[in-house]
Amino acid sequence: MSLRIVVCVKYVPDATGDRHFADDLTVDRDDVDGLLSELDEYAVEQALQIADEADDAEITVLTVGPEDAKDALRKALSMGADKAIHVEDDDLHGTDVIGTSLVLAKAIEKAGYDLVITGMASTDGTMGVLPAILAERLGVPQVTLLSEVKVEDGTVTGRRDGDSASEQLEASLPAVVSVTDQSGEARYPSFKGIMAAKKKPVESWDLEELEIEADEVGLEGSWTAVDSAAQRPARTAGTIVKDEGEGGKALAEFLAGQKFI
Amino acid sequence: MAEVLVYVDHVDGAVRKPTLELLTLARRIGEPVALALGAGAADTAAVLAEHGAVKVLTADAPEFTEYLVVPKVDALQAAYDAVSPAAVLVPSSAEGKEIAARLAVRIGSGIITDAIDLEAGDEGPVATQAAFAASFTTKSRVSKGTPVITVKPNSAPVEAAPAAGAVEALAVTFGALATGTKVVSRTPRESTGRPELTEAAIVVSGGRGVNGAENFHIIEELADSLGAAVGASRAAVDAGWYPHSNQVGQTGKSVSPQLYIASGISGAIQHRAGMQTSKTIVAINKDAEAPIFDLVDYGVVGDLFAVVPQLTEEIKARKG
Ligand SMILES: Cc1cc2nc3c(=O)[nH]c(=O)nc-3n(C[C@H](O)[C@H](O)[C@H](O)COP(=O)(O)OP(=O)(O)OC[C@H]3O[C@@H](n4cnc5c(N)ncnc54)[C@H](O)[C@@H]3O)c2cc1C
Ligand SMILES: Cc1cc2nc3c(=O)[nH]c(=O)nc-3n(C[C@H](O)[C@H](O)[C@H](O)COP(=O)(O)OP(=O)(O)OC[C@H]3O[C@@H](n4cnc5c(N)ncnc54)[C@H](O)[C@@H]3O)c2cc1C
């Protein structure tokens, strides 16, 4: 039987750009280029490797995001995913993690799945909680923050390197897996891959198709509210000295002045 | 006064510092009730009481260690049902965030992660967060349900505030999902004897400029002279010079110490994401144009192999 893998990928503002908030305190997406969250490339990569090991597997990449989020799907398709689903709806603007997870869970159920793979965290919101919430909503095991993952005979195993210990985990499919940037370099799309991606199907779904009411998502429907966002004041220019042989001593003097010594 | 549920992070009864900081924040919005799970849970009571916990709920079961995350969510939910708190506070560790997030969905609430400050507001607790690699500061609230908020280490002072801290056993029933993900084996991380990276008051980090695992002792010796934790950039970790558990940055640990010393680190945005909220920042880099110098309170343009050992010697001399 075919292994159905759904990979969740997020379209995010480029971290090397000048990221900021729009007037309604949501992420300004107009002034900064968007791209496939770099940490989700690791999720796509692991999906491709798991599919390679399986007899028969199909990889669907899924995103919830504005029109341009198709770019993120194209990138994942050019890496080798088979098809894509784009959940797009004007009412989604400003959705928080509870709302986003609701939309993703409904879309995953509608698509059909044996395995869901996500990144460890997005590079914009960086909450790192969506995979756990998805597992809760879908009612399946969470096998998260893996730096090594393997799927065999309906079982997923993996290594989770935590703060105090490294754990070997095991769960039966269906399951939600998230992978870290330690899981293995993500491949670059080949020219062939980029050409092939253009022909791969990208479906667009809206909220109605997922039977979600507009007031369950979006800025209005959010479970959280952002009251203000302020740019951190630029740090006042520090003292910078060139080492002419006494740089370490001068630094010690500074640290002593700050009472660190 | 409203009760605030605080999830306790402890190792065999030894409460970790971020939990004591949570108690300080909890007292700003109500009366802290602590929940401690697993082996040694009851041993946490004395120190929690000393820092303001009016009650300490405890539970232990093999499920907490044999299965991932969900048994702890079941316990937190049982505590939530027993207390009906005005807010739930959880330390922002990877596991803490997952526990908090699953609870939020179960109780129909919003969640705020990685708060760096918390205060009482007219419409419930207001959390401060650092966004976009800490280049922005936001103030947010949970607007539906009971606020569930995870808080980063070093976000509040640890303050003594003696309270009753009465221990009560909590009855926990595990749901069907609790045994979904089995922990087949666990290899504890070896202790270096140095302070915990995320909790340390001083962090000394090395990057690609350290140029080899065999040179990291220079960084370690400086750290030890200051009683500091050791950090590393991803370039140093990827090269295999230092363990990933010491990585500072977006995909490593996020630190917020009183003093951060970066040696041979350029200051890429992903590194800054993990250290930009440090109080005082110092860098040693031979490239005067390195972006890290935009952040520093004090920078030395120079070769770290000359500057760092001299600094270490000078600190040792001054400390006698
Ligand atoms: C600076 C900032 C702070 C925020 N703080 C909060 C907050 O405190 N509370 C809150 O409720 N919301 C918050 N949000 C909104 C939140 O980031 C989004 O709702 C988001 O889609 C889910 O959280 P995340 O991206 O941080 O997910 P994470 O949990 O970090 O993402 C993990 C993985 O989930 C998948 N994923 C996440 N989003 C999508 C998507 N849209 N489509 C497909 N896959 C996805 C990806 O695989 C990703 O790697 C914040 C947003 C920003 C920009
Ligand atoms: C999705 C993603 C996540 C990432 N997460 C992280 C993260 O969590 N943490 C992180 O650190 N990075 C992270 N990175 C990587 C980041 O972009 C940089 O590549 C990395 O931080 C560079 O490390 P570095 O500063 O040590 O190396 P470099 O950028 O190579 O800088 C080395 C510096 O050392 C200086 N130097 C060299 N020799 C000497 C000497 N003898 N004396 C003094 N100075 C010297 C050089 O002038 C240079 O400035 C991430 C990247 C991506 C894409």
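In what follows, chains carry the letters A, B, and so on, assigned in the order in which the sequence lines appear, proteins first and then strands, with residues in each chain numbered from 1. Values below: every heavy atom of this structure, side chains too, minus hydrogens, waters and symmetry copies.
A donor and an acceptor atom, one from each side chain of B:S254 and B:K152, are located under 3.5 Å apart. At a cut-off of 3.5 Å, with distance as the only test, a side-chain donor of B:T251 or A:D181 sits close to an acceptor on the other residue. Between the side chains of A:D24 and A:T26, at least one donor-acceptor pair of N or O atoms lies under 3.5 Å. Side-chain contact annotation: B:H244 with A:D161, donor-acceptor N/O pair under 3.5 Å absent. Between the side chains of B:S256 and B:T277, at least one donor N or O lies within less than 3.5 Å of an accepting N or O.
Contact of A:Q258 with chain B is made through the side chain alone, with heavy-atom distances under 4.5 Å. Heavy-atom distances place no part of A:T180 under 4.5 Å from chain B, backbone and side chain included. For B:E98, the parts lying under 4.5 angstrom from a heavy atom of chain A are both the backbone and the side chain. The part of A:Q182 that comes within reach of chain B is its side chain, from C-beta onward, which places non-hydrogen atoms under 4.5 angstrom from that chain. No part of A:A175 comes within reach of chain B, as not one of its non-hydrogen atoms sits under 4.5 angstrom from that chain. For A:L255, the part lying near chain B is the side chain, with the backbone staying farther off; criterion is any non-hydrogen pair under 4.5 Å. Contacts between A:M127 and chain B at a heavy-atom distance below 4.5 Å involve backbone atoms as well as side-chain atoms. Of the atoms belonging to A:L39, it is side-chain heavy atoms, and not backbone ones, that fall under 4.5 Å from chain B. In this structure, the portion of B:I202 lying under 4.5 Å from any heavy atom of chain A is its side chain and not its backbone. Contact annotation for A:S222: only backbone heavy atoms (N, CA, C, O) come within less than 4.5 Å of a heavy atom of chain B. Contacts between A:V97 and chain B at a heavy-atom distance below 4.5 Å involve the side chain alone, from C-beta outward. Both the backbone and the side chain of A:D163 come within contact range of chain B, with heavy atoms under 4.5 Å apart. Using a 4.5 Å cut-off between heavy atoms, B:I269 contacts chain A through its side chain alone, with no backbone atom that close.
Using a cutoff of 4.0 Å between basic side-chain nitrogens and carboxylate oxygens, B:D74 and B:R102 are not scored as salt-bridged.
Taking A:A230, A:A229, A:G238 one by one and counting their heavy-atom pairs under 4.5 Å with chain B, the maximum is reached by A:A230.
Residues of residues 133-146 of chain A lying under 4.5 angstrom from chain B, judged on non-hydrogen atoms, are A:I133, A:A135, A:E136, A:R137, A:G139, A:V140, A:P141, A:Q142, A:V143, A:T144, A:L145 in numerical order.
Looking only at distances, a side-chain donor or acceptor of A:D40 sits under 3.5 Å from a matching main-chain atom of A:K10. Using a distance-only test at 3.5 Å, with no hydrogens or angles considered, a donor-acceptor pair links the side chain of B:T150 to the main chain of B:D114.
Between B:H271 and B:Y260, the ring-plane angle classifies as tilted under the 30° and 60° cut-offs.
Pairs engaging residues 286-299 of chain B under the side-chain hydrogen bond (donor to acceptor under 3.5 Å, both in side chains) rule: A:R235-B:D297 [sequence neighbours left out].
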